[in-house]
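Since the structure comes first, as structure tokens, the remarks are kept for the end.
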Amino acid sequence: VIQEKKYNNVFVIINESYPNFRNEYLKKNLFNQIISGNENLVIKIFKRRWNRTLTTQGAEMDFFCNNAVDVQNFLKKDLKTYVSENNCWINDFNDKNLIYIHSYTEKYFNRIRYKSFFDETFFKEDLELLNFKICEQNFPGICDHEIIDNLQKITKSQNNNLLIFLTVNNHIPVEPVSEEVFIDCKKNYPLNLNDQYCTLYNNQMLFNKSVSKFLSKMGNEDLLIFFSDTPPMFNRKHRIHFQDIIDIYFFSKN
């Protein structure tokens with residue numbers, strides 16, 4: 001999908017623990033929050049399995065390369081060397097401004113090694129200097145919705161970017177990032193079974209609201225790819241309420 005057309009900007013959001021509920025009402029409500037107010041969207045939806053060995057880093061590894069690779073090399077080598085040695089497809093985009101954003105620290109899983117490949121990287125430490133707000137959680141990172149609302153503060157150029165944004169706010173165990181409430185959890189199954197489900201859902205609705213605003217401003221020659229790293233990483237008993245297959249959404253405009 002990315003390679004079938006010469007896009008101006010390609011935006012990629014890898015969403016931490018997207019709550020892809022089996023409950024159809026909850027699932028559709030989350031999706032409708034994204035497309036609300038955007039009438040001219042072209043939407044393609046695909047499915048993929050998730051990487052059970054590396055979880056979030058696996059989602060990134062699979063996206064960067066999309067072929068059979070040596071996992072240990074990925075974890076040890078700087079990214080520029082790794083994608084070159086493995087002939088990764090992302091090398092085809094070295095004519096673009098390559099930007100990587102993560103709401104959490106660069107030290108987490110040694111993502112500092114990504115700096116060798118991307119032209120610009122922005123982690124928690126960098127975004128704090130740009131006055132982005134921290135969401136105080138178990139994994140205290142920059143508020144994801146603030147990043148998507150203010151990408152113009154981060155990117156030097158508005159054109160010819162390949163931008164990858166890895167979120168953190170819905171990392172389990174999860175805490176609220178806002179007082180805004182989108183649903184009465186007590187009246188909706190299975191949100192009424194677990195406070196974590198409720199918090200996860202409301203956090204995601206807030207972020208999806210920002211994604212919707214981003215889409216409304218996105219150019220006609222741009223592409224947004226939006227997918228989860230994994231299902232929410234509860235134990236098997238509690239993960240049963242979430243689909244085990246990941247949805248990948250591609251959004252462009254007529």
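The environment of NZ in Lys187 is sparse: at most 12 heavy-atom neighbours from other residues, nucleotides or ligands sit within 6.0 Å. Within a 6.0 Å radius of CG in Leu193, other residues, nucleotides and ligands contribute more than 12 heavy atoms. When the shell of 6.0 Å around CG of Asp195 is examined, it contains 12 or fewer heavy atoms from other residues, nucleotides or ligands. Around the CZ atom of Arg52, the shell of radius 6.0 Å holds more than 12 heavy atoms that belong to other residues, nucleotides or ligands. The environment of NZ in Lys80 is sparse: at most 12 heavy-atom neighbours from other residues, nucleotides or ligands sit within 6.0 Å. Counting heavy-atom neighbours within 6.0 Å of Glu4 CD, excluding the residue itself, gives a total above 12. The number of heavy atoms from other shown groups lying within 6.0 Å of NZ (Lys124) is above 12.
Side-chain N or O atoms of Asn188 include none that pairs as donor or acceptor with a backbone N or O of Leu191 at under 3.5 Å. The backbone N or O of Met218 sits less than 3.5 Å from a side-chain atom of Lys253, completing a donor-acceptor pair. Side-chain atoms of Asn203 never come within 3.5 Å of backbone atoms of Tyr201 as a donor-acceptor pair (strictly under, hydrogens ignored). Remark: the backbone N or O of Met205 is paired with a side-chain donor or acceptor of Gln33 at under 3.5 angstrom. Side-chain atoms of Tyr197 never come within 3.5 Å of backbone atoms of Cys185 as a donor-acceptor pair (strictly under, hydrogens ignored). Side-chain atoms of Asn29 never come within 3.5 Å of backbone atoms of Tyr25 as a donor-acceptor pair (strictly under, hydrogens ignored). Between the side chain of Gln137 and the backbone N or O of Asn169, at least one donor-acceptor pair lies under 3.5 Å. Panel note: side chain Asp247, backbone Lys47; no donor-acceptor pair is recorded below 3.5 Å. Checked by atom type and distance alone, the side chain of Gln196 pairs as donor or acceptor with a backbone atom of Val174 at under 3.5 Å. Side chain of Asn235 to main chain of Lys237: a donor-acceptor pair is present (N/O by atom type, distance under 3.5 Å, no hydrogens or angles).
Atom CZ of Arg113 and atom CG of Leu79 lie 7.5 Å apart (nearest 0.5 Å). Taking CG from Leu98 and CG from Leu162, the interatomic distance works out to 5.5 Å, rounded to the nearest 0.5 Å. Here the straight-line distance linking atom CG of Asn150 with atom CD1 of Ile142 works out to 11.5 Å at 0.5 Å rounding. Here CD of Gln243 is found 11.5 Å from OG of Ser228. Values are rounded to the nearest 0.5 Å. The distance from atom CZ of Phe93 to atom CG of Asn91, rounded to the nearest 0.5 Å, is 11.0 Å. Atom SG of residue Cys135 and atom CG of residue Asn170 lie 10.5 Å apart, to the nearest 0.5 angstrom.
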Is there a side chain to side chain contact (heavy atoms under 4.5 Å, CB included) between Val168 and Tyr108? Walk through the geometry before answering. CA-CA 11 Å; Val168 76; Tyr108 198 55; over 6 Å; no

Kindly determine whether Lys6 and Asp95 satisfy salt bridge (charged side-chain N to carboxylate O under 4.0 Å, His left out), including the steps that lead there. CA-CA 12 Å; Lys6 182 70 174 177; Asp95 61 330; 3.1 Å; yes

Stepwise side-chain hydrogen bond (donor to acceptor under 3.5 Å, both in side chains) check, Ser212 with Asn38: CA-CA 7 Å; Ser212 178; Asn38 292 286; 3.2 Å; yes

For a side chain to side chain contact (heavy atoms under 4.5 Å, CB included) check, start with the C-alpha distance between Trp50 and Asp62, then their side-chain angles and the critical distance, and finish with the verdict. CA-CA 9 Å; Trp50 53 283; Asp62 293 345; over 6 Å; no

Output, in order, the C-alpha distance, side-chain angles, deciding distance and verdict of side chain to side chain contact (heavy atoms under 4.5 Å, CB included) for Leu151 and Ile101. CA-CA 10 Å; Leu151 276 182; Ile101 302 171; 3.7 Å; yes

List the steps, then state whether ring-ring contact (aromatic ring centres under 6.0 Å, His included) holds for Tyr249 with Phe31. CA-CA 10 Å; Tyr249 301 112; Phe31 183 72; 5.0 Å; yes

Take Arg22 and His241 through the side chain to side chain contact (heavy atoms under 4.5 Å, CB included) test and state the conclusion after the steps. CA-CA 6 Å; Arg22 295 184 186 274; His241 298 287; 5.9 Å; no

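Closest approach of Leu223 and Ser252 over heavy atoms only: CD1-CB, 4.3 Å. For the pair Leu54 and Asn51, the tightest heavy-atom approach, listed with the atom from each and the gap, is N-OD1, 2.9 Å. For the residue pair Phe132 and Glu146, the shortest heavy atom distance occurs at CE2-O, 3.4 Å. Here the closest heavy-atom approach between residue Lys27 and residue Phe21 is recorded as CB-O, 3.7 Å. Listed here is the closest heavy atom pair of Leu26 and Tyr189: CD1-O, 3.8 Å. Ala59 and Arg48 make their closest contact through CB-NH2, 3.7 Å (heavy atoms, listed as atom of the first residue, atom of the second, distance).
Inspection of the Asn15 and Gln204 side chains reveals an N or O donor paired with an N or O acceptor under 3.5 Å. For the 3.5 Å distance criterion, the side chains of Asn8 and Asn159 qualify, holding a donor opposite an acceptor. Glu60 and Tyr100 are linked by a side-chain donor-acceptor pair at a separation below 3.5 angstrom, with hydrogens and angles left out of the test. With hydrogens and angles left out, the side-chain atoms of Thr199 and Glu175 include no donor and acceptor closer than 3.5 Å. Asn192 and Lys186 share no donor-acceptor pair across their side chains, judged by distance under 3.5 Å alone. Side-chain contact, Asn40 with Asn254: no donor N or O sits under 3.5 Å from an acceptor N or O. If you check the side chains of Asn208 and Tyr18, you find a donor sitting under 3.5 Å from an acceptor. When only modelled atom types and interatomic distance are considered, Asp229 and Thr56 share a side-chain donor-acceptor pair under 3.5 Å.
Criterion: ILVMFWY side-chain heavy atoms under 4.5 Å apart, direct or through other members. Under it, Ile225 and Leu166 are part of a common hydrophobic cluster. Transitive grouping of hydrophobic side chains (ILVMFWY, heavy atoms separated by less than 4.5 Å) brings Val10 and Tyr114 into a common cluster. Linking Ile, Leu, Val, Met, Phe, Trp and Tyr residues whenever their side-chain heavy atoms come within less than 4.5 Å places Leu127 and Leu163 in a single cluster. Residues Ile154 and Ile164 do not share a hydrophobic cluster, clusters being chains of Ile/Leu/Val/Met/Phe/Trp/Tyr side chains in contact below 4.5 Å. Linking Ile, Leu, Val, Met, Phe, Trp and Tyr residues whenever their side-chain heavy atoms come within less than 4.5 Å places Ile183 and Ile34 in a single cluster.
Each of Asn160, Asp119, Asn9 was evaluated against Lys96; a single residue qualifies, Asn160, per the side-chain hydrogen bond (donor to acceptor under 3.5 Å, both in side chains) test. Under the ring pair (Phe, Tyr, Trp, His ring centres under 6.0 Å) test applied with Phe11, the options Phe214, Phe165, Phe250, Phe226 reduce to a single match, Phe214.
Put simply, the side chain of Val211 reaches to within 4.5 Å of the side chain of Leu224, judged on heavy atoms. Phe64 is listed as a side-chain neighbour of Phe74, based on a closest heavy-atom distance under 4.5 Å. Residues Ile13 and Thr167 form a side-chain contact, since some pair of their non-hydrogen atoms from C-beta on lies under 4.5 Å apart.
Taking the six-membered ring where the residue is Trp, Phe234 and Phe242 present parallel rings, their angle staying beneath 30° rather than reaching 60°.
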